[in-house]
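A short write-up of the structure that comes next.
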Amino acid sequence: MDRKKIALLLAVALTLCAVPALAGTDGGTEPLAQAEAAGAKTDGLEEQTGAAEQLENDSAEGKQSGGVWQEGYDGTKPWISSADDELAFTGETDFRYLSFNDLRERVLDNSLTALMMEESIASIDAIDFTKMYNELASQLGSLERAQDMYAQIPVATPMEGAMQGYVISNLASSYGSLSNTVSDLATGKLQKDYDAAKRQLENARDQLVIGAESLYIATLELEQTKGTLQRNLTALDRTVAEMELRYQLGQISALTLEQVRNGRAALQSSLSTVDMNLRRCKMQLESMTGAGMEGTLRLGPLPELSDGLIDSMDLRTDLEEAEEKSYDLFAARKKLKEASDTYDDAQASYSKDTYNLRSARHTYESSKYEFQYTQQTFEMNFRNAYNTVKDYRQVLSASRTTLAFQESTYASMELKYQQGNISHNALLDAADDLAEAKEAVATAQRNLFTAYRSYYWAVNYGVMNSAQA
């Protein structure tokens, strides 16, 4: 019996179940109401039959179009479509997979903080300064006419005079404030202030992405640490088994055996702590990328850096480009310019011995030293980032040499084991040494990539991560 017939029989059964309820109603029901009830039953039967047919069609379409259809679906839960997973889908078969190349886009598209910043930037971009100037100039003229009007009103009593003076004073204050705004618009000062605010928001947005990248790399490091602890736990299990056998043979004391077991318990506790921190980091990444916060996100490996990319680094040229794009230097330079303008105004307005002029001069000197310090710190961090990349490059080369040696050693130990010259535990120890060498290479690759990303952000966006530098 096919699904259409089953659905039709179910619909008929549901309709028949409604008959006792209808029979239990008042017998004095009007004929028109009874006819309407009968019509409603017929319509309900047709609708239920149509719904069953539509359900079967949807099932077939879901299987053909890639919709998420599960066998045994009974229609009681909401239909699951592939659109529900679009926020977390990156092109991989597992929608909870996140690659490093997708990270920036995912953060900017789904992080609530990034979206908030993006809207703030858009609000600044939406400002029409020409229209603002015309509107404020019109309001300025209206305030001026209002002042003239109130000044010409005759005053009969002292109370009226006081009220008139109060209104004129408020109008004059509003006129002065509005006049300053119009003047700032005419000179471009207000536009520069908005541009500075936009640049600050863009810098904060870049810092958010950098934080996500650092969290991504830290999560990969925790995954490697977890693997190391699991390998050590396996090796310790072999040791425990050996110690238990030696204890049964009377070669060691019960205290020695207990010490080994306690060491395993401590290692298991450390593994649990790492697993908890790993889940926490993944949840943070999920919240920043718009995925459900379950702590089950799968991370892809870091991209490999080519030798040509590292060789293309030019300290002098890249430093000039980084300083030009740095928001920290921009903000310090802006502060110095404002302090210089204030000092120039004070020189034109006050005599040499006044405290106003002395205060303005000291403020200017302080801003000048602050700018020089910011510039010096930025250059030092940039040079450190450059040197760190070069250093991690040679560390990676050395770790690869060590790995090649361990691979040869393991091959030799494997041959000796096949010849019966060493025990199986000795072979497993050699395998652990080989795994440790591989982890050292992975750590060196990750450190090199982290250092280069710090340099990359400084050159291309002017953002210097001093913690990495």
Side-chain angles (χ1 to χ4, degrees), residues 100-101 103-104 107 195-196 198-221 224 302-340 364-402 440-469:
F100 187 86
N101 291 332
L103 181 60
R104 175 183 173 85
V107 170
D195 182 68
K198 177 181 177 180
R199 191 162 180 176
Q200 183 179 14
L201 287 169
E202 291 173 341
N203 178 74
R205 182 183 60 187
D206 293 337
Q207 292 281 4
L208 179 67
V209 178
I210 291 177
E213 289 188 358
S214 299
L215 183 59
Y216 188 102
I217 296 173
T219 304
L220 290 179
E221 184 175 359
Q224 179 177 322
L302 295 175
E304 293 187 6
L305 299 176
S306 64
D307 292 335
L309 188 62
I310 298 178
D311 292 336
S312 66
M313 296 168 55
D314 185 280
L315 179 60
R316 184 180 299 276
T317 303
D318 292 345
L319 177 58
E320 293 176 356
E321 187 174 355
E323 288 179 337
E324 182 179 352
K325 296 179 179 179
S326 170
Y327 171 77
D328 293 336
L329 291 177
F330 167 80
R333 190 179 294 108
K334 182 175 181 294
K335 184 177 181 180
L336 176 61
K337 180 64 169 58
E338 292 173 350
S340 177
Y364 167 70
E365 292 295 334
S366 175
S367 300
K368 184 173 64 175
Y369 291 135
E370 181 179 355
F371 172 74
Q372 293 174 353
Y373 172 79
T374 303
Q375 190 176 36
Q376 182 185 62
T377 302
F378 184 89
E379 181 178 350
M380 180 181 64
N381 289 336
F382 188 87
R383 290 179 179 273
N384 287 339
Y386 178 88
N387 293 329
T388 300
V389 173
K390 301 297 184 180
D391 181 60
Y392 278 133
R393 185 185 191 181
Q394 64 87 18
V395 170
L396 176 59
S397 178
S399 62
R400 283 172 172 166
T401 301
T402 303
V441 172
T443 299
Q445 289 175 329
R446 186 172 57 250
N447 290 338
L448 175 60
F449 183 83
T450 302
Y452 181 80
R453 289 300 292 181
S454 178
Y455 187 85
Y456 164 85
W457 277 101
V459 174
N460 293 278
Y461 296 91
V463 181
M464 174 56 65
N465 189 347
S466 59
Q468 293 180 357

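Just so you know, these numbers come straight off a predicted model, no measurement behind them.
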Working to the nearest 0.5 Å, report the span between [atom1] of [X] and [atom2] of [Y].
X    : Y    : atom1 : atom2 : result
E304 : L309 : CD    : CG    : 12.5 Å
R446 : I217 : CZ    : CD1   : 8.5 Å
D318 : M313 : CG    : CE    : 7.0 Å
T401 : L396 : OG1   : CG    : 9.5 Å

Is any side-chain heavy atom of [X] less than 4.5 Å from a side-chain heavy atom of [Y]?
X    : Y    : result
V395 : D391 : yes
F371 : K335 : no
V441 : Q445 : yes
Y364 : L336 : yes
I210 : V463 : yes
L448 : I310 : yes
R104 : L208 : no

Looking only at heavy atoms, what is the nearest atom pair of [X] and [Y], with distance?
X    : Y    : answer
A212 : V107 : CB-CG2, 3.7 Å
A458 : A322 : O-CB, 3.1 Å
T219 : L215 : OG1-O, 2.7 Å

Task: Among E370, Q372, E365, the one residue meeting side-chain hydrogen bond (donor to acceptor under 3.5 Å, both in side chains) with K368 - done: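 Of the listed residues E370, Q372, E365, the side-chain hydrogen bond (donor to acceptor under 3.5 Å, both in side chains) partner of K368 is E365.
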TODO: Determine the sole option in R383, Q375, Q376 for which the side-chain hydrogen bond (donor to acceptor under 3.5 Å, both in side chains) test with E379 is passed.
DONE: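 Only one option passes, and that is R383.
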Task: E320 with R316: basic N within carboxylate O range, under 4.0 Å - done: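 Result for this pair is no, no salt bridge flagged.
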Open item on the list: Under 4.0 Å between a side-chain nitrogen and a carboxylate oxygen: does that hold for R393 and D311?
Closed with: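 Salt bridge between R393 and D311, a charged N being under 4.0 Å from a carboxylate O: yes.
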Open item on the list: Heavy-atom count check: over 12 atoms from other residues, nucleotides or ligands less than 6.0 Å from K337 NZ?
Closed with: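 Counting other residues, nucleotides and ligands, NZ of K337 stays at 12 neighbours or fewer.
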Open item on the list: Please verify the inter-ring angle class for Y461 with W457; under 30° counts as parallel, over 60° as perpendicular, anything in between as tilted.
Closed with: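 Y461 vs W457 ring planes: tilted.
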Task: Residue pair T388, Y455: steps toward the side-chain contact (heavy atoms from CB on, under 4.5 Å) verdict - done: CA-CA 9 Å; T388 300; Y455 187 85; over 6 Å; no
If you look only at distance, which donor and acceptor atoms sit under 3.5 Å apart when one is on a side chain in residues 324-332 and the other is two or more places apart or in another chain?
unit_1 : atom_1 : unit_2 : atom_2 : d
K325   : NZ     : E321   : OE2    : 3.1
K325   : NZ     : N460   : O      : 3.4
S326   : OG     : D328   : N      : 3.4
S326   : OG     : L329   : N      : 3.3

Open item on the list: Closer than 3.5 angstrom, by distance alone: can the side chain of S454 be matched with the main-chain N or O of T450 as a donor-acceptor pair?
Closed with: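 Pair absent, no side-chain N/O of S454 close to backbone of T450.
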Open item on the list: Using modelled atom types and a 3.5 Å cut-off, is there a donor and acceptor pairing between side-chain atoms of T377 and backbone atoms of T374?
Closed with: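 Judged by distance alone, no pair lies under 3.5 Å.
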Open item on the list: With salt bridge (Lys or Arg N to Asp or Glu O under 4.0 Å) as the criterion, how do R199 and E202 come out once you've worked through the C-alpha distance, each side chain's angles and the decisive distance to 0.1 Å?
Closed with: CA-CA 5 Å; R199 191 162 180 176; E202 291 173 341; over 6 Å; no
TODO: Quickly, which of F100, Y392, Y456 forms a ring pair (Phe, Tyr, Trp, His ring centres under 6.0 Å) with F449? Name it, please.
DONE: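 The option that passes is F100.
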